[in-house]
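Residue numbers begin at 1 in each chain, while the letters A, B, ... track the order of the sequences.
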Amino acid sequence: MVVNSLAVAVATAAITVTAPQPTGALLSLAAPGLGQAYAGNPIAGAAWLGLGGVAGIGVFQLVWAGHVPGDSPFSSAQGLFAIALGTGAWLGVGIASTLAAAAEISGKYLAAESALAPPGDRPAVAPAPALTPRPAGRRRRDE
Amino acid sequence: MRRRWAGRPGRHISLGVAAVVAVAVAGCAYREVRYELAAEAPAAGGEGMAKVVEKGRERPLLAERVVWRYSGALAPTGKPGGFRVVATGTGTVDAEFPTPAGTRSLSVQIQIP
């Protein structure tokens with residue numbers, strides 16, 4: 001809250017807000033939760049990051065289960081498949097995180113925009129002048 | 001006929017991801033928006049109006065979308081943004097309104113002689 005005190009005819013106070021841009025939500029494609037952190041919600045960002053990690057590692061572990069520790073997943077088709085599915089799960093959570101961040105940022109923009117008065121808050125067309133009856137007995141020159 | 005990009009799909013996926021991240025980083029600059037609350041200082045017994053304006057575009061906020069609070073020597077009238085002087089001394093106008101960064105508030109104090 002900004003407080004200003006003036007003993008004049010009009011008292012004013014001002015504030016400058018820094019608003020995130022909607023395109024910043026795309027950061028969540030690089031890592032889930034980055035878009036939320038950029039939007040000013042680091043707790044949600046951390047939750048999305050954790051969800052992405054759990055999804056990626058969990059899917060990889062499900063497919064790669066049963067192998068002895070020390071086996072490299074890069075040396076077998078099943079291992080590569082597990083890596084691909086885990087990466088896909090990570091990217092899927094990233095896409096969901098991107099959509100959520102975009103909705104959050106856009107929602108704030110829409111709320112702020114809808115609170116503004118319409119531009120040029122005045123009638124678009126000037127009212128037509130009232131018609132006055134022509135005096136009786138007088139005719140226009142071209143009639 | 002051999003397709004031009006055949007055999008190197010990974011490179012294009014990487015380029016696509018890099019382009020998306022580059023757009024995201026480029027769009028990450030925060031936008032600054034300035035708001036101003038202005039309130040008339042009426043004489044004792046008079047009425048005044050307060051309004052919030054987005055300074056960049058000089059567009060006022062709809063008074064009914066602002067949460068107005070008055071304290072001290074001021075009391076609300078029925079009209080959004082309107083207030084009347086009920087005593088002498090200091091009166092405060094609080095305005096809470098939506099911005100692209102969330103809800104923010106501004107406050108002005110008015111001296112009533």
Distance (rounded to the nearest 0.5 Å) between T12(A) OG1 and E36(B) CD:
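Rounded to the nearest 0.5 Å, the OG1-CD separation comes out at 5.0 Å.
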Nearest 0.5 angstrom please: L62(B) CG to L116(A) CG, how far?
7.5 Å
Compare every heavy atom of [Y] with every heavy atom of [X], then report the nearest pair and how far apart it is.
X       : Y       : result
L106(B) : A13(A)  : CD1-O, 3.8 Å
A19(A)  : P100(B) : CB-CB, 3.4 Å
A11(A)  : Q109(B) : CB-O, 3.9 Å
P98(B)  : A111(A) : CG-O, 3.8 Å

Given heavy-atom pairs under 4.5 angstrom as the criterion, report whether the side chain, backbone, both or neither of R34(B) touches chain A.
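Looking at R34(B), backbone and side chain both touch chain A.
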Per-residue contact mode, R104(B) against chain A (heavy atom under 4.5 angstrom):
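For R104(B), side-chain heavy atoms alone lie under 4.5 Å from chain A.
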So with a 6.0 Å cut-off around CD1 of I57(A), is the heavy-atom count from everything else above 12?
no
Exam field: side chain Y30(B) to backbone V17(A), donor-acceptor pair closer than 3.5 Å
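No, the answer is negative, given that no donor and acceptor are paired below the 3.5 Å cut-off.
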Among the clusters formed by ILVMFWY side chains lying less than 4.5 Å apart, do [X] and [Y] turn up in the same one?
X       : Y      : result
V52(B)  : I15(A) : yes
F83(B)  : F97(B) : yes
V108(B) : L74(B) : yes
W68(B)  : Y35(B) : yes
F60(A)  : V54(A) : no

Shorter than 4.5 Å, heavy atoms on both sides: which option in T92(B), T103(B), L37(B), I112(B) has the most such pairs with chain A?
L37(B)
Contacting region of S106(A) [heavy-atom separation from chain B under 4.5 Å]
neither
